[in-house]
Amino acid sequence: MANLNVKFGNIDFKNPLVMASGTFGFGKEYNEIYDIQKLGGVSSKGLTLNARPGNNGMRVCETPSGMMNSVGLENPGVQGFIENELQFFKDLDLVRIANVGGGTLDDYIQGVKLLNNQPIDMIELNISCPNVKAGGMAFGIKNEVAREVVREVRAVTDLPLVIKLSPNAEDIIGMAQVCEEEGADGVSLVNTFKAMAIDINKRKPVFENVYAGLSGPAIKPIALRMVHEVCKNVNIPVMGMGGITTANDAIEFIMAGSTCIQVGTANFINPKIGLEIIDGIEAFMIREGIKSLDEIRGIL
Amino acid sequence: MANLNVKFGNIDFKNPLVMASGTFGFGKEYNEIYDIQKLGGVSSKGLTLNARPGNNGMRVCETPSGMMNSVGLENPGVQGFIENELQFFKDLDLVRIANVGGGTLDDYIQGVKLLNNQPIDMIELNISCPNVKAGGMAFGIKNEVAREVVREVRAVTDLPLVIKLSPNAEDIIGMAQVCEEEGADGVSLVNTFKAMAIDINKRKPVFENVYAGLSGPAIKPIALRMVHEVCKNVNIPVMGMGGITTANDAIEFIMAGSTCIQVGTANFINPKIGLEIIDGIEAFMIREGIKSLDEIRGIL
Amino acid sequence: MYKVLENRYVGEDMYLMKVEGKFEGEMGQFYMLRAWDMFPLLSRPISIHDIDENSITFLYKVFGEGTQILSRVKENETIKLEGPYGNGYEKVEGKVALVGGGIGVAPLYLVAKNIENCDAYLGFRNEAILEDEYKALCNEVHIATGNTFVTDILDVEKYDYILTCGPTPMMEKLVKMVEGTNTKIMVSLENHMACGVGACLVCTCKTAFGNKKTCKDGPVFWGEDVIFNG
Amino acid sequence: MYKVLENRYVGEDMYLMKVEGKFEGEMGQFYMLRAWDMFPLLSRPISIHDIDENSITFLYKVFGEGTQILSRVKENETIKLEGPYGNGYEKVEGKVALVGGGIGVAPLYLVAKNIENCDAYLGFRNEAILEDEYKALCNEVHIATGNTFVTDILDVEKYDYILTCGPTPMMEKLVKMVEGTNTKIMVSLENHMACGVGACLVCTCKTAFGNKKTCKDGPVFWGEDVIFNG
Ligand SMILES: Cc1cc2nc3c(=O)[nH]c(=O)nc-3n(C[C@H](O)[C@H](O)[C@H](O)COP(=O)(O)OP(=O)(O)OC[C@H]3O[C@@H](n4cnc5c(N)ncnc54)[C@H](O)[C@@H]3O)c2cc1C
Ligand SMILES: Cc1cc2nc3c(=O)[nH]c(=O)nc-3n(C[C@H](O)[C@H](O)[C@H](O)COP(=O)(O)OP(=O)(O)OC[C@H]3O[C@@H](n4cnc5c(N)ncnc54)[C@H](O)[C@@H]3O)c2cc1C
Ligand SMILES: Cc1cc2nc3c(=O)[nH]c(=O)nc-3n(C[C@H](O)[C@H](O)[C@H](O)COP(=O)(O)O)c2cc1C
Ligand SMILES: Cc1cc2nc3c(=O)[nH]c(=O)nc-3n(C[C@H](O)[C@H](O)[C@H](O)COP(=O)(O)O)c2cc1C
Ligand code: FES
Ligand code: FES
């Protein structure tokens, strides 16, 4: 039997598979389909300090081997999460990750503070959110803007802190290094790619916000490259993601250096895909005589 | 009858469709399949000052709705082009674009100088090439590095000069603005995305160079966004590309602001796709009562 | 993977697909269908048209790529189904009208099977489809085609409940028509979906009670609660 | 779009697909096939197995996704073909051996039809396929299966020419075997392709005369010119 255990910093995952934020709600819905405690972890829907209704208009659009979304961080707010969702979330036997977004630096800080004493195992800080003060450019584009968020959030929490990087960053390697320098326990990448679709008959962008986030198999080759680059250049553990759909994909990300891998969009292809990926990783390990994922992590 | 004519700066294109560099050779092969003079233009295989044998090992790998290539600029060199390929190329009744790459700044300058008195209509400067002096990082990543190339090349040629931007640029809007400031006649984008694939059974990257360039429908939503951003922020004309496969795709790029559109990878899906896209654009114009593409260019 | 027993054209660009298996599902619920592996990416939400011991039936209209692929599936080939998902029509009692427009007639067949003594008002672009099938289940079946709309031939006040599915403008109009009457209406909303289970929030619709998930809280809502144009 | 007349399993994971139409093509040339619309992206290069007035035949082995889709195409369905592409076998005269390994036997059928009095040496993993068909065209047909390799049962010096197609190690070994003899050999190279017509340079192979395009200058080359491991 292969051992799928991984250690991400000090946190033990029973296997490397984590469900990506925003694609798995708070786990409840998928738990009606299968026992989600077979997963390594779940990253919650992105939480902001205050509840948000999300974006108007079309929120999803299919692209070749991908999809764009413009949910706009609809969520019940951190307090709403604590009151209504944590009840279910907290009892799960898996690594419980609260994904936190923000609109201002203060939103991040207050949001994380509220989570400090809650029964969660890790915070994933989504810095792809538009920075209200900086005219809407996301926090995760410029290294020095990101540095400030990471530093300030690090200062207010002892929870394991993983920074979720945007593939739209100007310099993703430098960005990951900034996170490491500021004391993050790890980084996760990639978030969605800024993308566009036009309805040529209406002569309008498909999305009210004009741009939206691209995810799914289409982006996998770029995401894998970014994960490889980051893993080569930081010493903190990495959660790789972006289009992972098969065990083969997951193993590529692990060989590129990921400790955990996250699966998002693929859940929409097949709601039980998480289990299939875990089984597939195990089958590969058995076939190849691999006892622990440490043997293949970051081998290239 | 719809008029597909477009003017790119001072250059007249009989229609906006240009075949993208590296996917169409010097036109000869496809001309055996159909009369390529029905196209608006052809951008030649990327030329470097000296002939190059290209990369070793695997050069292509399919991805979901995309492909990666690692041709490594195999080409006969500018002199070889002039001696052996220009004979055919020069007589084509379409806009003849010489795509020029480089390894050092001097390679670009010398290459372009050699082309100055040749019967071509335009130079497309590919700044995605690794900058030998800067440890291999491409010229097209940092604005100030790109500025130097554009300035120096601009100084040695009076040919219409289009700069081909890399989607891996740190700041693609700023990059386009730099090109405009330095006197480029236009920009084209996007080149391929830096990407990776791993052969998990061999436990090796698929490509000897580790990273390779992703193209095809998978990247279209990101490419379209970049083209839109650039068109909104420069006053020189733009050739948009990246995954264009259908007339619908092409019209999206035009609505986003492209004057010409380039088609690359789609040629591999169907060798006559160029004609189908042109016909499809015309059909759309007729259906929608559009007399000239000026009416829909950059409308959003 | 389930075996397709039948997949036949029934008119108006619509196909009836019968799939073998023991399926669950209530009137107004839907399944996520895919007759392909990885491309296109997303599965397609299709309402339950009919269900019995050994099979489930869908009625779908060829619209884009996904439904086109569905229409090419042959007998004995297989498709993938996930479901049943969503919140369907409530089993109301009283005088009930089922109002379907176009492919919106699809879920109303199972409704007609579950609700006794209902009348059906079915609107089609050109020709009526499955008219006999609905007649077998309903008291009266009224058909509107061409320039006549179902909303023209229906007196809402005759009914205690209207259960409808169809184009949004039609449903919106019906909701307006019952305003100020004693008639209650249930509408089935359509929204583009990804997960289908309530996890991704791409299908949010606006209601008097705030944002709701079309896939999980709906697709069927009380008409008065829905904020159209939301 | 061309109609598939026949697509049948012939053993060793291989299928024979006959497609209706008037096609051109010489021995050793290939077509780019696709039995799908947009996904997967690239077409698959498949050699001409046979050709006659009203049809073309391919022999292909199910390997990955593309050939799997090909294998599922049914009679009367359609596929897309572009070609013929490439540079095939020269029509040599003298004593000729055709040497095929695995799916490498595919192009040799048309060769056997074009070259009189040749002998065939065919290697398979388990069982020989289409043995009778080759017997009908060749003087002698020698089969190697299991642990015997075609290279074990062939005396190259008996022949003026060897025309081969198969796994690279087999072809490389054959080229070595003819070294220093009077026998000349033509090999058919396999390389991943995108355009298939010589425009994209992803299929470059190394030869004594510099880089060549497998799709346009090849796939058939004189063995002595090819730099294996290049
Ligand atoms: C709850 C529900 C029940 C439905 N029941 C039926 C039914 O019984 N019969 C039937 O014919 N149709 C039904 N539809 C509509 C059906 O889902 C769409 O017609 C179908 O998804 C179109 O897919 P396509 O690939 O043919 O079109 P495309 O336009 O190519 O699809 C592109 C994307 O948009 C989505 N999409 C496009 N139109 C719609 C739409 N109207 N609703 C939701 N998503 C859409 C697709 O799912 C896909 O993700 C239902 C929709 C919902 C939400
Ligand atoms: C000139 C030429 C003639 C050929 N003739 C035949 C034939 O007659 N019968 C036959 O069965 N096979 C033939 N092949 C091999 C055939 O093209 C591959 O087996 C097929 O492309 C595999 O596709 P796939 O989708 O099943 O595999 P996948 O591995 O899923 O394909 C992924 C990608 O790799 C490419 N690829 C994978 N293996 C090969 C290969 N061996 N050669 C070229 N590209 C490959 C595919 O084209 C595709 O782009 C020929 C190859 C070449 C170059
Ligand atoms: C519908 C949807 C909603 C998402 N919401 C969030 C979010 O709230 N917070 C976040 O950090 N990432 C969010 N993401 C990004 C995913 O977590 C993931 O980074 C991205 O989709 C790439 O992975 P994938 O290709 O496996 O989906 C969302 C993605 C999708 C598709
Ligand atoms: C096989 C291949 C070779 C390429 N070679 C070049 C090149 O020599 N010079 C260049 O500027 N771009 C080159 N490109 C990039 C294309 O011109 C184009 O920018 C890119 O592929 C995106 O467009 P597409 O998705 O339509 O292919 C190449 C692309 C491919 C697929
Ligand atoms: S489709 Fe995901 S929440 Fe409704
Ligand atoms: S496949 Fe394009 S040159 Fe050979």
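Heavy atoms only: backbone and side chains are in, while hydrogens, waters and symmetry mates are out. The chains referred to below are lettered A, B, ... by the order of the sequence lines, with proteins before strands, and numbering in each begins at 1. It should be emphasised that the depicted structure is a prediction, and the values quoted were computed from it without experimental measurement.
- Across all non-hydrogen atoms, the minimal contact from A/Ser21 to A/Glu124 is CB-OE1, 4.1 Å.
- The two atoms that bring C/Thr204 and C/Asn191 nearest to each other are O-ND2, 3.4 Å, heavy atoms only.
- Counting non-hydrogen atoms of neighbouring residues, nucleotides and ligands closer than 6.0 angstrom, the NZ atom of C/Lys18 reaches no more than 12 such neighbours.
- A donor-acceptor distance shorter than 3.5 angstrom exists from the side chain of C/Lys91 to the backbone of C/Asn114, with no hydrogens or angles considered.
- For C/Asp225 (side chain) and C/Thr207 (main-chain N/O), no donor-acceptor pair under 3.5 Å exists by modelled atom type.
- A/Asn31 contributes no side-chain N or O that, together with a main-chain N or O of A/Gly27, makes up a donor-acceptor pair within less than 3.5 Å.
- Proximity to chain A (any heavy atom under 4.5 Å) is shown, for C/Lys80, by neither the backbone nor the side chain.
- Contacts with chain A (heavy atom to heavy atom, under 4.5 Å) involve these residues of residues 36-63 of chain C, listed by number: C/Asp37, C/Met38, C/Phe39, C/Pro40, C/Leu41, C/Leu42, C/Ser43, C/Arg44.
- When all heavy atoms of C/Cys165 and C/Tyr89 are compared, the pair lying nearest together is CB-OH, 3.4 Å.
- For a residue to count as touching a neighbouring chain, one of its non-hydrogen atoms must lie under 4.5 Å from one of that chain's; by this rule A/Ser70 does not touch chain C.
- When the heavy atoms of residues 208-221 of chain A are compared with those of chain C, the residues falling under 4.5 Å are A/Pro217, listed by number.
- Aromatic rings from A/Phe26 and A/Phe88 are positioned such that their centres are separated by 6.0 Å or more.
- A salt bridge does not link A/Asp199 to A/Lys204: none of the charged side-chain nitrogens sits closer than 4.0 Å to a carboxylate oxygen.
- The number of heavy atoms from other shown groups lying within 6.0 Å of CD (C/Glu93) does not exceed 12.
- Put simply, the side chain of A/Met68 does not reach to within 4.5 Å of the side chain of A/Val60, judged on heavy atoms.
- In this structure, chain C has a heavy atom under 4.5 Å from the backbone of A/Thr23, while its side chain stays farther away.
- Of residues 70-79 of chain C, no residue lies under 4.5 Å from chain A by any heavy-atom pair.
- In this structure, the side chain of C/Gln29 engages the main chain of C/Gly86 through a donor-acceptor pair within 3.5 Å.
- The closest donor-acceptor contact from the side chain of A/Asn267 to the backbone of A/Gly264 lies under 3.5 Å.
- Chain C forms the most heavy-atom pairs under 4.5 Å with one residue out of A/Glu62, A/Lys272, A/Met67, and that residue is A/Glu62.
- Side-chain N or O atoms of C/Asp152 include none that pairs as donor or acceptor with a backbone N or O of C/Thr148 at under 3.5 Å.
- For the pair C/Lys213 and A/Glu74, the salt-bridge criterion is not met [side-chain N within less than 4.0 Å of a carboxylate O].
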Criterion ring pair (Phe, Tyr, Trp, His ring centres under 6.0 Å) on C/Tyr31 and C/Tyr85, from CA distance to verdict: CA-CA 6 Å; C/Tyr31 274 78; C/Tyr85 293 144; 7.3 Å; no

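- For A/Asn75 (side chain) and A/Leu73 (main-chain N/O), a donor-acceptor pair under 3.5 Å exists by modelled atom type.
- Listed in order of number, the residues of residues 40-55 of chain A that approach chain C to under 4.5 Å between heavy atoms are A/Lys45, A/Pro53.
- Summarising the local packing, CD of C/Glu26 is surrounded by 12 or fewer heavy atoms from other residues, nucleotides or ligands at distances under 6.0 Å.
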